[in-house]
There are 2 protein chains.
Amino acid sequence: MKIGDLARTAQCTVETVRYYEREGLLPPPARTAGNFRDYGHEHADRLRFIRNCRALDMSHGEIRSVLALADQPAAGCGAVNEVFDQHIAHVDERIRELEQLRGALLALRERCRHEQAVEACGILQGLAEMESEPRHERHTHLG
Amino acid sequence: MKIGDLARTAQCTVETVRYYEREGLLPPPARTAGNFRDYGHEHADRLRFIRNCRALDMSHGEIRSVLALADQPAAGCGAVNEVFDQHIAHVDERIRELEQLRGALLALRERCRHEQAVEACGILQGLAEMESEPRHERHTHLG
DNA sequence: TGCACACCCTGAAGTTACTATAGGGTCAAC
DNA sequence: GTTGACCCTATAGTAACTTCAGGGTGTGCA
């Protein structure tokens with residue numbers, strides 16, 4: 001099948017499919033005489049696998065390591081479990097960050113209950129008063 | 001003060017300060033005879049404000065709209081409240097997404113309790129079996 | 001005065017995971 | 001032959017930084 005057909009099986013765009021091929025996540029397919037990509041069910045299965053991983057917010061790096069293992073059926077799956085454990089830990093961490101952020105935002109929001117003049121706005125005053133924090137270190141690809 | 005001094009007051013890097021100037025968040029400062037940037041306390045206050053907004057995961061677009069209002073002390077602050085309400089709603093939504101994701105990840109993780117051969121791994125089988133989902137629409141800049 | 005070191009400058013490229021644009025080719029149906 | 005749907009490659013853009021390349025400035029010390 002052609003690239004548009006493949007993309008539709010995985011509910012993504014042809015641009016994304018080509019991108020995955022460039023990134024090495026999808027192997028290059030056969031070509032027709034007209035240079036169109038020609039895919040079989042192996043590609044459809046692989047693309048679905050990749051899209052499922054993306055739906056789980058796994059990074060390309062994580063997907064690569066899982067794919068490498070999936071291609072060795074007799075190997076032990078310990079590394080898959082490890083990828084998942086780390087990913088789950090990152091999700092937990094990001095949830096905590098967002099919950100803290102939510103608390104801070106609500107506290108600020110409470111400082112301005114009605115529209116008033118900017119110079120009297122408790123939110124803006126709060127933004128001006130806060131002590132700036134050290135740069136946030138990136139701990140997770142989840143935002 | 002010079003850019004390194006300014007960056008230290010806001011606990012960020014000189015590169016970030018220059019970036020904010022290029023993005024128009026920070027106004028261009030005076031220059032010394034040697035072409036070094038020369039900042040006063042107004043810039044320090046503005047940079048702290050911006051960093052505080054960033055610490056709250058506000059996007060540059062959101063920060064721009066809030067700064068525009070902060071520069072009009074007699075205007076009404078309704079739009080600030082609106083920015084915050086939307087931002088809080090986005091945080092809520094992202095928390096919900098991540099909690100659903102967490103549930104899905106834990107369910108998959110449960111399918112493989114001990115290391116075994118890849119071909120018997122319940123996680124990999126799950127990733128292969130899942131129906132692919134439509135492309136995720138971007139609803140929030142929070143990841 | 002010259003050197004060393006810390007810091008400054010601009011411009012461009014890189015990160016991640018796509019997404020859009022530009023310009024041109026292929027193929028099937030009418 | 002024409003038209004419309006789809007195909008191709010290459011490149012640039014998105015957001016918010018961060019890094020790299022190559023060169024300049026200023027201060028303290030020998």
Side-chain angles (χ1 to χ4, degrees), chain A residues 1-26 28-39 47 50-65 87 90 94 133-143, chain B residues 1-26 28-39 43 47 50-65 87 90 94 132-143:
Chain A
M1 68 182 129
K2 281 182 289 184
I3 192 169
D5 303 317
L6 179 70
R8 271 186 292 275
T9 68
Q11 302 192 59
C12 67
T13 65
V14 297
E15 289 86 16
T16 301
V17 175
R18 290 196 197 100
Y19 170 66
Y20 289 160
E21 183 184 324
R22 280 200 305 279
E23 289 290 305
L25 292 176
L26 267 183
R31 298 278 180 144
T32 66
N35 201 33
F36 284 18
R37 290 170 176 80
D38 189 20
Y39 296 101
L47 181 60
I50 291 163
R51 294 304 300 168
N52 286 338
C53 292
R54 286 298 304 133
L56 296 172
D57 266 10
M58 290 167 70
S59 67
H60 283 194
E62 286 170 330
I63 297 169
R64 274 197 194 86
S65 55
H87 188 39
H90 285 155
R94 184 63 181 147
E133 297 180 5
R135 286 183 301 142
H136 181 68
E137 298 279 346
R138 183 182 189 93
H139 291 150
T140 160
H141 64 271
L142 296 163
Chain B
M1 70 184 125
K2 281 183 292 185
I3 191 169
D5 304 317
L6 178 69
R8 271 184 292 276
T9 69
Q11 301 192 61
C12 69
T13 66
V14 296
E15 289 86 16
T16 301
V17 175
R18 290 194 199 103
Y19 171 65
Y20 289 161
E21 182 185 321
R22 284 201 302 280
E23 289 290 307
L25 293 175
L26 266 184
R31 297 278 180 143
T32 65
N35 199 32
F36 285 17
R37 291 171 174 81
D38 188 21
Y39 296 101
H43 275 93
L47 181 60
I50 290 162
R51 295 303 299 166
N52 286 337
C53 292
R54 285 297 305 132
L56 296 172
D57 269 10
M58 289 167 67
S59 67
H60 282 194
E62 286 171 328
I63 296 169
R64 273 195 196 91
S65 54
H87 188 38
H90 286 157
R94 184 61 179 149
S132 54
E133 297 182 2
R135 285 183 304 140
H136 182 68
E137 297 279 347
R138 183 181 188 95
H139 292 152
T140 160
H141 66 271
L142 295 163

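Proteins come first, then strands; the chains are lettered A, B, ... in the order of their sequence lines, and each starts at number 1. Values reported hereafter were calculated over all heavy atoms of this structure, with side chains retained and with hydrogens, waters and symmetry mates removed.
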Visitor: Just the rounded figure in Å: distance from P of D/dA15 to CD1 of B/I63.
Guide: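 Value for this atom pair: 13 Å.
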Visitor: Name all residues meeting the salt bridge (Lys or Arg N to Asp or Glu O under 4.0 Å) criterion together with B/R37; count only those two or more places apart in sequence or in a different chain, and write none if there are none.
Guide: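 Residues passing salt bridge (Lys or Arg N to Asp or Glu O under 4.0 Å) with B/R37: B/E21.
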Visitor: Distance check needed: C/dT16 C1' versus A/L25 CG, whole Å only.
Guide: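 For the pair A/L25 CG and C/dT16 C1', the rounded distance is 12 Å.
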Visitor: Please determine if a side-chain N or O atom of A/Y20 lies less than 4.0 Å away from the OP1 or OP2 oxygen of C/dC18.
Guide: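 Result: yes.
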Visitor: Using ring pair (Phe, Tyr, Trp, His ring centres under 6.0 Å) as the criterion, list what pairs up with A/H90, not counting sequence neighbours.
Guide: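 Partners of A/H90 under the ring pair (Phe, Tyr, Trp, His ring centres under 6.0 Å) test: none.
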Visitor: Taking atom P of D/dA15 as reference, at what distance in whole Å does atom CZ of B/R94 sit?
Guide: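 In whole Å, D/dA15 P and B/R94 CZ are 18 Å from each other.
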Visitor: Do you know the tightest heavy-atom contact between A/V17 and A/L6?
Guide: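 Closest pair (atom of A/V17, atom of A/L6, distance): CG1-CD2, 3.9 Å.
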Visitor: What closest approach, in Å, do B/S59 and B/H141 show between heavy atoms, and which atom pair accounts for it?
Guide: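 Heavy atoms of B/S59 and B/H141 come nearest at N-NE2, 3.5 Å.
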Visitor: Output every pair passing salt bridge (Lys or Arg N to Asp or Glu O under 4.0 Å) with a member in residues 55-65 of chain B, not counting sequence neighbours, ordered by first then second residue.
Guide: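 Pairs touching residues 55-65 of chain B that pass the test: A/R94-B/D57, B/E23-B/R64.
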Visitor: Listed by chain and number, what are the side chain to side chain donor-acceptor pair (under 3.5 Å) partners of A/Y19, not counting sequence neighbours?
Guide: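 A/Y19 satisfies side chain to side chain donor-acceptor pair (under 3.5 Å) with no residue once adjacent residues are dropped.
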Visitor: Under the side chain to side chain donor-acceptor pair (under 3.5 Å) test, which residues partner B/Y39, sequence neighbours left out?
Guide: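 Not a single residue meets the side chain to side chain donor-acceptor pair (under 3.5 Å) criterion with B/Y39.
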Visitor: Hey, which of these two, B/G61 or B/A33, hits DNA chain D nearer its 5' end, going by closest nucleotide?
Guide: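 Mapping each residue to its closest nucleotide by heavy atoms, the 5'-most match is B/G61.
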Visitor: For B/R8, what residues pass the salt bridge (Lys or Arg N to Asp or Glu O under 4.0 Å) criterion, not counting sequence neighbours?
Guide: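 Partners of B/R8 under the salt bridge (Lys or Arg N to Asp or Glu O under 4.0 Å) test: B/D5.
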Visitor: With sequence neighbours excluded, tell me which residues meet side chain to side chain donor-acceptor pair (under 3.5 Å) with B/T13.
Guide: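 For B/T13 the side chain to side chain donor-acceptor pair (under 3.5 Å) partners, ignoring immediate neighbours, are B/E15, B/T16.
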Visitor: Please identify each residue that fulfils side chain to side chain donor-acceptor pair (under 3.5 Å) with B/N35, with sequence neighbours left out.
Guide: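 Scan of B/N35 (side chain to side chain donor-acceptor pair (under 3.5 Å), adjacent residues dropped) gives B/R31.
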Visitor: At how many degrees, to 10°, do the end axes of the helix from C/dT1-D/dA30 to C/dC30-D/dG1 meet when each uses five pairs?
Guide: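 Comparing the axis at each end, I get an angle of 30°.
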Visitor: Over all strands shown, is B/R64 touching base, sugar-phosphate only, or nothing at heavy-atom distances under 4.0 angstrom?
Guide: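 Nothing, no heavy atom under 4.0 Å.
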Visitor: For A/F36, give me all partners under ring pair (Phe, Tyr, Trp, His ring centres under 6.0 Å), at least two apart in sequence or on another chain.
Guide: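 A/F36: no ring pair (Phe, Tyr, Trp, His ring centres under 6.0 Å) contacts found.
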Visitor: Reckon B/S59 touches a base, only the sugar-phosphate, or nothing at all at heavy-atom distances under 4.0 Å?
Guide: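 If one applies the 4.0 Å heavy-atom cut-off, B/S59 turns out to touch the sugar-phosphate alone, with no base involved.
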Visitor: Please determine whether a side-chain nitrogen or oxygen atom of B/H60 lies at a distance below 4.0 Å from atom OP1 or OP2 of D/dA16.
Guide: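 True: B/H60 side-chain N/O within range (under 4.0 Å) of D/dA16 OP1/OP2.
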Visitor: Roughly, in whole Å, what's the span from CD in A/E23 to C1' in C/dT15?
Guide: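 Answer to the nearest Å: 11 Å.
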Visitor: Rounded to whole angstroms, how far apart are CG on B/L6 and P on C/dC9?
Guide: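 These atoms are roughly 11 Å apart.
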Visitor: Between C/dC18 atom P and A/I50 atom CD1, what is the distance in whole Å?
Guide: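 Atom-to-atom, A/I50 to C/dC18, this comes out as 10 Å.
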Visitor: Report each atom pair, protein N/O against N/O of nucleotides 18-23 of chain D, whose distance is under 3.5 angstrom.
Guide:
residue	atom	partner	partner atom	Å
D/dT18	OP2	B/T16	OG1	3.4

Visitor: Give me the distances for all protein-to-nucleotides 3-9 of chain D N/O pairs that come in under 3.5 Å?
Guide:
residue	atom	partner	partner atom	Å
D/dC7	OP1	A/G4	N	2.5
D/dC8	OP1	A/R37	N	2.7
D/dC8	OP1	A/R37	NH1	3.1
D/dC8	OP2	A/R18	NE	3.4
D/dC8	OP2	A/R18	NH2	3.0
D/dC8	OP2	A/R37	NH1	3.4
D/dC8	O5'	A/R37	NH1	3.4
D/dC8	O3'	A/R31	NH1	3.3
D/dT9	OP1	A/R31	NH1	3.3
D/dT9	OP1	A/R31	NH2	2.8
D/dT9	OP2	A/R37	NH1	3.0
D/dT9	OP2	A/R37	NH2	2.9

